[in-house]
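Heads up: numbering here begins at 1 and tracks the sequence. Whatever order the structure lists ligands and atoms in, that order sets their numbers, starting from 1.
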Amino acid sequence: MTAAIQRLILSALFVISMDGWAATASYLDASLSSDKRVELLMNQMTLDEKIGQMCQFVGEASDIDFDSKDTKSDYTLALGDRAGLIKEGKIGSFLKVSTYQEANILQSLAEESRLKIPLLIATDAIHGHGMYMGPTTIYATQIGLAASFEPELAELMAEYTAHEMRATGFQWAYSPNIEVVRDSRWGRIGETFGEDPYLVTEMGNAMVRGYQGKDFSSSTNVLASAKHFVGGGIAYNGVNGAPADVSERTLHEIFFPPFVGSIDNGVYTIMPAHNEINGIPAHAHEEYLTDLIRDEWGFEGFYVSDWMDIQRLESAHRIVDSEREADKVAVLAGMDVHMQGPGFFDNVKDLVKNGEIPVSRIDHAVSKILYSKFQLGLFENRYTDKQTVEATLLKESHLELALKTAQKSMVLLKNNGVLPLQQDIGRILITGPNADHQALLGEWARVQPHNNVITVLEGIKEQYAQGTKIDHVAIARHDVISSAELSRVGRLAKRADVVIAVMGENSLRFDKNKTSAENVDRPTLNLIGNQIELLQKIKASGAKLVVVLVNGGPIASEWLTENADAIVEAWEPGMYGGQAIAETLVGKINPGGKLPITVPRSVGHLQSFYNHKPSAFHRGGFYLSSRKPLYYFGYGLSYTTFDYSNLSMPETMSTSDSLSLSVDIKNTGDMDGDEVVMIYINDKVSTVTTPVRKLVAFKRVHLKRGEKQTLSFTIANKDFALLDRRMNSVIEPGEFEIIIGDRLKVATINAQN
Ligand code: BGC
């Protein structure tokens, strides 16, 4: 059938089914381009309907039994004013919607509005559709994915997460969080990709592609949201939302690149940060939101404000004295969607009527929002059903990937030979607050049904034949371990050959005892509470001490580094984390992850990151303490060994070229394993200071025992550039060191004009 005939039939159908409305409903013609449909629809919209698209509200998430008969009227009643607003076309999107039934009812209310514009339904689906009120697939959190150094994993995870979202009626993920972290006290590190701008960029780009596909036009794509622009990872004292005071140079070198990368990969929404940057709150930053991001970097999508952050221009930042002014400043700066609640609509309408916000600004915002709704296919199908939900959530392929994200994210920090644990190890004691706890799931996840999660205790039991003696001492809380618990551990450790202590943090969103998360920042980087006391008891028993860390932000404990026989950094490995950890401990998985963030010696050693400037430590040191971190970015051991050789690259290059090099890598140990080959460069002498080294390429490879591979890399020309004194990007002729991995194989190349 030709497009023209299809169009004819479609318009005939509108006439038959929709009567008078049909004459004006040309935007419903799915054969037209999304741009055309936006234009047609906007021609018919009133100012109220336009501003309505910029308004986001929260769902009811109540305990209504959606499976009972007459849910729509019960739910609509519970929605109160919001139900009427939807029908009047005064709400464009929702967040905090609980289930697919709720999503369907909201959409049906929107279909009762004059123009029948569907709603966008958003959620914080960052490592799985974790805020959904029902069982879903929960993968390792972002910091673990970063440790895998496999962007492909992140891409697939975002893709599968998008599938679960669309199946349940959600089309907008508030993810990825691509803030670079420079202060490990921040409670949100688990949802980030760590400290290195290049790694964060690669991971963020992969997630954007996974969520959005090519152009979010498939029924399994969702919109991504690159967040939070910018500087939350370096806010005062690591406190969420506190001011960020950071030089323009550091912004351009460290914090901006991941956002540029996401935009180049087509990210359609961006969320500004809670914080101010150098005196200007992110939500009011016209020079960034409009001049830099839209006009210079070419961002084509729309902005969504973060939770209450427009109101906070008045209440927290005090740059205006009323919410009306706050709304004005934010919209004029470039803000398109207001998260969340009433007030914004009336203020913006009044501001437009008064000539304080031009209609063109509203039109611009609305055209972007509507474009996404057309592209996503929501006008054609806004509903979902039970069958689709059941066929998609927790699919086999998703579960397999959940396990893989956990396996690939393990980082072995220390091993004095105790790992891998043998089958005839003797008696095992497993304990610690995370031994049998769903803190494995990390932030932005609800507690899952017990049977869907494998805890470390369960994972270990699975790895040992019946008859192996495995004791378990449950520890109730992360922050306070009782004396009864301590003495029980001490007693049982004495008869154990090895103790597996699963320690760390708890970032579960709805756990009242969480120790690190959004708005729960870390005043210490050490194990919190008296966890070290527990480890000391074990140490005193003489049993081997294997410590597994479950955490988002790095754990800095000199005692632990010196005294444990082995340390596995497991991050927040998701629903099958316990299986992956157990497989790692017994050697079925050879850990191949590397640190995506430096582990400092203590909180007092902050800021601590690998790509510091050359003079960072040229004079001072710390009182009675080394200035070296416990473990640098990129660190991670293996059960096998690797040897690098035959680095091949030219001795000179032109400043206008990229650099191609190759290197051989051989597995020289006794086990198959993964190695992450990392290439860093160091500009040896530069007219402005440059970091001692910066990561410019990496590749994770699997090598069988004895296997050798030749890996080739191309280092982009721009990676050799610096920002000169006038902030122009230039490549200065001279010598660059090329540093391979933490093996520090260094070669020098001379760049010539
Ligand atoms: C967080 C965002 C999140 C939003 C909606 C805010 O407090 O900063 O990252 O997307 O809440 O849940």
Donor + acceptor pair across side chains of Tyr174, Thr123 (<3.5 Å): no
Taken to the nearest 0.5 Å, the spacing of Lys514 NZ from Glu443 CD works out to 5.5 Å
Under 3.5 Å side-chain donor-acceptor pair for Asn506 and Gln438: no
Which of the numbered atoms in ligand 1 are below 4.0 angstrom from a heavy atom of Lys227? 2 (C), 3 (C), 9 (O), 10 (O)
Any Met308 heavy atom less than 4.0 Å to ligand 1: no
Any chance you could measure Asp183, atom CG, to Phe609, atom CZ, to the nearest 0.5 Å? 10.5 Å
Report yes or no: does a heavy atom of Met271 sit under 4.0 Å from some atom of ligand 1? yes
Mark yes or no: Arg82 above the aromatic ring of Phe57, with NZ or CZ under 6.0 Å from the six-membered ring centre and no more than 45 degrees from the axis. no
With atoms numbered from 1 as shown, which atoms in ligand 1 lie under 4.0 angstrom from a non-hydrogen atom of Lys96? 12 (O)
Which distance, rounded to the nearest 0.5 Å, do you find between the CD of Glu276 and the NE2 of His285? 9.5 Å
Please tell me whether Gln340 and Lys96 have a donor and an acceptor in their side chains that are separated by less than 3.5 angstrom. no
May I ask you to identify, for Leu95, whether its side chain, its backbone, both or neither come under 4.0 Å of ligand 1 on a heavy-atom basis? side chain
Looking only at distance, does Trp444 have an N or O less than 3.5 Å from an N or O of ligand 1? no
Would you call Asp124 and Lys227 a salt bridge, taking side-chain N to carboxylate O under 4.0 Å as the test? yes
Check ligand 1 against Asp306 and write out every atom of the ligand that is under 4.0 Å from a heavy-atom position of the residue. 1 (C), 2 (C), 3 (C), 4 (C), 6 (C), 7 (O), 8 (O), 11 (O)
Interfacing atoms of ligand 1 (cut-off 4.0 Å, heavy-atom, Tyr174): 10 (O)
Does ligand 1 have any atom that is closer than 4.0 Å to a heavy atom of His274? yes
Regarding ligand 1, does His228 bring an N or O atom to under 3.5 Å of one of the ligand's N or O atoms? yes
Protein heavy-atom partner closest to atom 10 (O) of ligand 1 - residue, atom, separation in Å: Asp124 OD1, 2.6 Å
Out of Arg509, Glu518, Glu179, indicate the one that has the non-hydrogen atom closest to atom 7 (O) of ligand 1. Glu518
